[in-house]
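Counting starts at 1 for both ligands and their atoms, following the listed order.
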Amino acid sequence: MDKRPVLYMDSGIGGIPYCQYFVKRNPDETVHYLADRESFPYGPRERGEVAAILTALMEKIVKAFNPKMIVIACNTATISAIEELRRRFTGLFFVGTVPAVLPAARASKSGKVGVIATARTIADPCIRQLAGNACEISGIAAPDMVEFVDRRFAASSEDEKRDIVRKYTSLFREAGVDSVVLGCTHFLFLKKEFEQEAAPDIAIFDSVDGVTRRAESLLDSNALRANGAPRGESKFLLTGPQAADLSWQSWAGYLGFRLTLLDDACR
Ligand code: DGL
């Protein structure tokens with residue numbers, strides 16, 4: 001039995017759907033969520049810069065929370081930093097998030113797969129490697145959609161959500177793709193709109209189930225399960241010194257976690 005917490009992290013709210021799915025399936029585990037609002041967005045940054053941000057952040061997290069597992073619920077951070085994190089923090093389990101290109105490539109009849117993600121993720125050669133070079137990839141960077149979800153999603157209308165998604169599904173349709181991968185965790189908040197706008201000719205793929213199953217299998221195979229131990233309080237951690245505004249309070253409430261500034265937790 002291992003009562004230490006599992007930590008989910010992202011640059012902002014993108015990891016929330018991943019964290020929520022894990023919490024629902026694993027009610028015994030104490031889970032914290034970290035939103036790195038101070039360094040948001042990661043997408044326009046260089047790989048080395050993202051790796052340095054993640055390394056410094058994980059130093060703090062490990063000291064303050066001693067987690068048994070960290071789920072990087074962010075494609076950009078995973079692609080830029082996970083190898084470095086695994087090298088530095090030996091003995092700590094890291095689960096990464098990468099675009100679900102392989103299942104999309106397998107399902108594609110046209111051999112043309114779309115990936116929508118951040119500029120950093122689209123620029124990374126791993127996208128093509130994940131597909132086993134077996135299909136043609138149309139990659140689109142959508143920084144405006146990352147910004148839209150993180151900053152305006154909660155206050156946006158259904159029309160605004162549809163409009164921003166339609167802009168991209170039209171581009172994919174023009175490119176002749178029949179499978180589109182949501183390669184940025186933020187875009188999970190628009191999954192319903194993607195599915196509606198993409199139907200009937202384009203299928204949408206994401207990594208929520210795959211990432212969750214990987215985390216669960218690591219807990220099982222390394223005897224890391226909490227197994228009925230009383231659950232600790234879950235924290236929604238925020239980087240940066242400024243007080244959390246109402247929108248952060250409501251995201252913490254959405255997960256049922258206690259909003260806490262990371263700097264306060266580290267004191
Ligand atoms: N949610 C992140 C991802 O999956 C990126 C958002 C950002 O640019 O910070 O890539």
Side-chain angles (χ1 to χ4, degrees), residues 7-22 33-58 70-85 94-101 104 114-128 130 137 139-154 161 164-165 168 180-191 193-194 204-212 214-215 236-240 247-248 251 254-255 262:
L7 183 117
Y8 271 71
M9 75 81 53
D10 178 53
S11 58
I13 66 169
I16 289 177
Y18 288 70
C19 182
Q20 190 180 39
Y21 188 64
F22 178 86
Y33 185 85
L34 168 70
D36 185 13
R37 67 170 168 173
E38 201 177 20
S39 301
F40 174 89
Y42 289 165
R45 297 177 190 272
E46 288 306 318
R47 186 189 175 99
E49 196 186 351
V50 178
I53 290 169
L54 265 286
T55 306
L57 204 48
M58 291 307 120
I70 294 180
V71 181
I72 309 288
C74 173
N75 297 266
T76 311
T78 300
I79 285 166
S80 307
I82 202 157
E83 285 164 20
E84 174 70 12
L85 295 175
F94 286 95
V95 176
T97 301
V98 290
V101 176
V115 180
I116 184 158
T118 64
R120 170 97 326 269
T121 299
I122 294 298
D124 200 281
C126 86
I127 297 298
R128 268 133 201 112
L130 284 166
I137 301 284
I140 300 183
D144 59 334
M145 204 150 72
V146 175
E147 204 75 32
F148 173 81
V149 170
D150 214 82
R151 298 283 141 92
R152 289 182 283 125
F153 180 81
K161 290 178 198 167
I164 193 162
V165 166
Y168 290 107
V180 167
V181 182
L182 304 183
C184 169
T185 56
H186 279 74
F187 303 162
L188 266 296
F189 283 98
L190 295 165
K191 186 176 174 180
E193 287 77 11
F194 264 104
I204 302 296
F205 292 81
D206 69 70
S207 59
V208 176
D209 197 59
V211 168
T212 308
R214 174 72 185 141
F236 191 108
L237 298 157
L238 272 184
T239 57
S247 87
W248 287 114
W251 283 119
Y254 175 79
L255 275 177
L262 179 62

Counting the benzene-type ring for Trp, do Y8 and Y18 have ring centres under 6.0 Å apart? no
Quick one: look at T118 and ligand 1, take heavy-atom pairs under 4.0 Å, and tell me if it's side chain, backbone, both or neither. side chain
Going by atom types alone, do T118 and T76 pair a side-chain donor with an acceptor below 3.5 Å? yes
Under 4.0 Å from a heavy atom of D10: which atoms of ligand 1 are those, numbered in the order shown and with their elements? 1 (N), 2 (C)
Sole residue of L190, I204, N75 in side chain to side chain contact (heavy atoms under 4.5 Å, CB included) with L182: I204
Any G43 heavy atom less than 4.0 Å to ligand 1: yes
the protein heavy atom lying closest to atom 2 (C) of ligand 1 turns out to be C74 SG, 3.2 Å
Looking at V180, T121, V181, which hits side chain to side chain contact (heavy atoms under 4.5 Å, CB included) with I116? V180
Using ring centroids (six-membered ring only for Trp), state whether W248 and F40 fall under 6.0 Å. no
If we number the atoms of ligand 1 from 1 as shown, the ones under 4.0 Å from a heavy atom of S11 are 6 (C), 7 (C), 9 (O)
Do me a favour and list the nearest non-hydrogen protein atom to atom 10 (O) of ligand 1 with residue, atom name and distance? T76 OG1, 2.6 Å
Under 4.0 Å to a heavy atom of V146 - the qualifying atoms of ligand 1, by number: 6 (C), 7 (C), 8 (O)
Determine, step by step, whether Y33 and M9 satisfy the side chain to side chain contact (heavy atoms under 4.5 Å, CB included) criterion, reporting the C-alpha distance in whole Å, the side-chain angles of both residues, the deciding distance to 0.1 Å, and the verdict. CA-CA 6 Å; Y33 185 85; M9 75 81 53; over 6 Å; no
